[in-house]
Amino acid sequence: MKTLHLSRIAALLLTAVPLSGIAQTAALPQAPAITAAELEVGKKIYFERCAGCHGVLRKGATGKNLEPHWSKKNADGSTQEGGTLKLGTARLDKIIALGTEGGMVNYDDILTKEEIDIMARYIQQPPPVPPEFSLKDMQDSWKLLVPTAERPKSQQNKINLKNVFAVTLRDSGELALIDGDTKQIWQILKTGYAVHISRMSASGRYVYTVGRDGLVTLIDMWFEKPTTVATIRLGSDARSVDVSKFKGFEDKYLIGGGYWPPQYSIMEGDTLKPLKIVSTRGMTVDGEYHPEPRVASIVASQIKPEWVVNVKETGQILLVDYSDIKNLKTNTIESAKFLHDGGFDASKRYFMVAANASNKVAAVDTKTGKLAGLIDTAKIPHPGRGANFMHPKFGPVWATGHLGSPVLSLISTASDKKEHAKYKQYNWKVVQELAMPGAGNLFVKTHPKSTHLWADMPMNPERENAEVNYVFDIKDLSKPPVRIDVAKDSGLPVTKALRRAVHQEYNQAGDEVWISLWGGKTDQSAIVIYDDKTLKLKKVITDPKMVTPTGKFNVWNTQHDVY
Ligand code: DHE
């Protein structure tokens with residue numbers, strides 16, 4: 001058996017992620033041998049790299065079930081059995097190193113051979129169960145660094161806040177705030193481990209970020225320099241936050257969605273003081289109990305005092321009414337399992353959410369509180385927030401890309417406008433699939449002022465695909481898309497690690513597109529900016545601190561759901 005060098009183990013265990021409370025269950029005698037130190041390494045790597053797709057309890061979601069042994073009843077009454085023990089170390093080694101056609105990415109450029117071997121043996125052991133996280137735990141983790149009374153009463157800087165971009169620096173656990181007008185880095189702030197998304201307060205003053213370690217950071221942009229004014233933990237693993245946006249509730253509440261424990265938490269918007277936790281454990285749409293239904297995307301309605309909370313494993317979409325937190329009213333909408341990311345349609349009445357491993361998109365009518373449509377799509381839809389535009393033939397459509405299929409799907413969305421009545425026949429159907437050169441797309445984007453639809457493919461294993469974007473002409477979708485080599489345009493040297501061109505974001509004016517180059521863990525990288533009309537390179541923002549940039553959130557567009 002290969003052993004891992006001790007200093008490497010020590011380095012791996014130096015972590016900001018609060019894993020110490022996760023007790024490892026007893027080793028399985030029939031599983032391959034693993035030392036106590038290797039178990040700790042496996043636990044850390046699993047949490048950081050695998051839990052997002054496979055679940056903490058390894059019951060599977062976007063990724064496959066990774067329990068040592070599982071059995072399930074098929075519809076015809078037969079029983080199917082499987083598990084990591086059955087696959088064995090050699091096969092698991094290969095899957096982890098090289099990935100699979102099913103969408104599992106290769107880890108041979110991220111993990112060492114020894115680490116891959118540890119992981120192949122680690123996942124044949126039973127999953128350790130992390131501790132729960134109560135309101136008291138949230139309270140204890142809460143740091144109000146600058147009380148509201150000590151904050152500025154007006155904006156103390158000359159920055160055009162509406163055009164600021166909050167940029168995730170994934171592996172450095174930081175957030176860069178970039179002035180979209182001058183394209184200068186305004187400030188880089190420490191945030192949680194692998195900070196995931198940023199959302200803006202309804203007023204546009206505050207930025208909220210959430211990290212994979214469950215840490216929420218509240219940044220006030222009214223100071224001369226952006227300042228972290230409060231932090232709190234939601235648990236040990238989280239992905240989503242949003243604010244209360246309805247009139248009268250601006251900047252009042254924040255909601256955070258937990259992966260572990262599976263629950264959502266409501267906090268005061270301007271202080272992060274914890275107010276309430278609601279568990280999402282319960283029954284799937286198929287009527288089976290699930291112990292780990294994680295909270296995926298959350299979005300704030302602008303037409304009601306409600307959040308749309310998408311519960312991944314159960315396929316239940318919750319409309320949570322925040323007008324009375326003490327007597328919380330929740331409307332539960334049945335859709336399809338494995339809910340993940342999504343965004344509003346152009347009218348902002350319908351929320352479109354991917355049920356990714358079910359190959360479906362659900363459309364929620366936030367006005368009536370009902371499911372408007374459940375649309376079959378190509379494999380593994382992954383929209384980000386999606387892209388809305390007028391299709392020359394089918395009227396208003398919302399677009400999603402696919403992680404598992406080389407197409408973009410255009411779904412017709414309903415509209416109250418009289419002149420759109422003729423498109424009703426197409427509503428909640430995939431009206432067109434646009435061919436992409438491969439699978440592995442994560443994000444698509446357009447803007448109401450644009451005639452372009454941008455699509456990335458960062459999870460495609462080929463360098464020539466992962467490092468580029470494709471741009472479709474919305475006025476003539478029969479034209480082949482234009483290939484934009486983002487990595488090449490950055491002017492940065494070619495590195496061993498892929499420089500994945502990921503996530504597009506428009507500036508406030510809607511005439512520039514910003515794309516991140518997600519490079520190696522320590523490589524200097526860049527944000528590459530294009531003129532949306534001419535598709536010509538406009539500017540490269542690079543800096544020694546620009547390491548692993550991924551998601552970017554323009555204040556105005558995020559605040560107003562413009563995409
Ligand atoms: Fe994300 C959004 C979960 C991996 C970049 N990601 C989301 C959302 C969820 C989610 C639930 C929706 C939040 C919302 O709208 O409220 N992401 C997960 C995972 O579980 C997964 C698959 C694995 C994991 O371990 O986290 C995962 N995500 C990634 C990445 O590896 C990405 C590409 C790079 C990174 O920074 O980690 C990544 N996810 C993003 C981005 C968004 C996002 C940029 C927001 C898109 C937007 O435009 O709103």
Side-chain angles (χ1 to χ4, degrees), residues 17 45-56 61-63 103-105 110 165-175 191-200 208-214 237-243 254-260 264 294-300 307-313 338-344 351-357 380 382-387 400-401 403 440-445 454 456-459 466 500-506 514-519 521 547-554 557-558 561-563:
V17 183
I45 295 176
Y46 185 85
F47 184 83
E48 289 182 3
R49 303 278 174 191
C50 321
C53 290
H54 299 278
V56 169
T62 313
M104 159 95 180
V105 291
I110 297 173
F165 286 70
V167 180
T168 296
L169 301 179
R170 187 186 193 275
D171 287 8
S172 55
E174 289 174 320
L175 184 82
T191 52
Y193 160 74
V195 50
H196 209 84
I197 65 158
S198 294
R199 296 291 186 241
M200 312 303 157
Y208 301 86
T209 69
V210 61
R212 281 188 175 80
D213 55 358
D237 197 357
R239 295 293 181 285
S240 47
V241 282
D242 210 352
V243 296
L254 180 78
I255 179 170
Y259 261 25
W260 190 271
Y264 63 86
R294 297 173 287 170
V295 178
S297 47
I298 301 182
V299 75
W307 290 301
V308 183
V309 176
N310 298 284
V311 186
K312 188 188 286 288
E313 278 78 5
F338 312 121
L339 297 171
H340 193 73
D341 51 351
F344 279 109
F351 185 68
M352 312 289 292
V353 55
N356 62 11
I380 322 184
H382 191 287
R385 283 168 287 174
T400 179
L403 201 45
N441 164 274
L442 284 182
F443 300 105
V444 288
K445 193 60 62 88
W454 294 71
D456 63 12
M457 40 198 315
M459 302 321 263
R500 302 173 201 270
V502 68
H503 196 247
Q504 319 80 356
E505 181 77 327
Y506 277 82
W514 293 36
I515 299 175
S516 305
L517 266 192
W518 174 12
K521 292 202 261 224
V547 174
T548 58
T550 53
K552 296 158 301 303
F553 306 91
N554 172 272
N557 294 337
T558 310
D561 296 300
V562 182
Y563 35 82

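If you read the sequence from its start, that first residue is 1, and numbering goes on from there. As the structure lists them, so they are numbered: ligands from 1, and atoms in each ligand from 1.
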Report the nearest protein non-hydrogen atom to [atom]: residue, atom name, distance rounded to 0.1 Å.
atom                    : result
atom 45 (C) of ligand 1 : I197 CG2, 3.5 Å
atom 35 (C) of ligand 1 : R170 NE, 3.2 Å
atom 36 (O) of ligand 1 : T550 OG1, 2.6 Å
atom 48 (O) of ligand 1 : H503 NE2, 2.8 Å
atom 41 (C) of ligand 1 : F443 CZ, 3.5 Å

With heavy atoms of [X] as the reference, note each atom of ligand 1 found under 4.0 Å away.
X    : answer
I298 : 14 (C), 16 (O)
L442 : 33 (C)
G551 : 44 (C)
F553 : 45 (C), 47 (C), 49 (O)
H340 : 3 (C), 10 (C), 18 (C), 19 (C), 20 (O)
A296 : 11 (C)
R199 : 14 (C), 15 (O), 49 (O)
R385 : 47 (C), 48 (O), 49 (O)

Using heavy-atom distances, let me know which of [options] sits nearest [atom].
atom                    : options                : result
atom 19 (C) of ligand 1 : Y259, W518, W307       : Y259
atom 23 (C) of ligand 1 : S240, P458, G257, G52  : G52
atom 6 (N) of ligand 1  : R239, E505, M459, H196 : H196

Answer yes or no: is there an ion pair linking K445 with E505, defined by an N-O contact shorter than 4.0 Å? yes
R294 NZ/CZ over Y259 ring centroid, <6.0 Å and within 45° of normal: yes
What distance do [X] atom [atom1] and [Y] atom [atom2] have between them, rounded to the nearest 0.5 Å?
X    : Y    : atom1 : atom2 : result
K552 : Q504 : NZ    : CD    : 7.0 Å
R49  : R212 : CZ    : CZ    : 8.5 Å
D237 : Y193 : CG    : OH    : 9.5 Å
W518 : L442 : CH2   : CG    : 7.0 Å
F443 : D341 : CZ    : CG    : 7.0 Å
F338 : E313 : CZ    : CD    : 7.0 Å

Considering distance alone, does some N or O of [X] sit under 3.5 Å from an N or O of ligand 1?
X    : result
T168 : no
C53  : no
D341 : no

When you look at I197 and V210, which way does the side chain to side chain contact (heavy atoms under 4.5 Å, CB included) test go after all the steps? CA-CA 6 Å; I197 65 158; V210 61; 3.9 Å; yes
Residue-level breakdown please: for R212 versus ligand 1, do any non-hydrogen atoms fall below 4.0 Å on the side chain, on the backbone, on both, or on neither? side chain
Counting only heavy atoms, which portion of R49 has something under 4.0 Å from ligand 1: side chain, backbone, both, or neither? neither
Can you label the angle between the H382 ring and the H340 ring as parallel, tilted or perpendicular, going by 30° and 60°? tilted
Does the protein place any heavy atom closer than 4.0 Å to atom 21 (C) of ligand 1? no
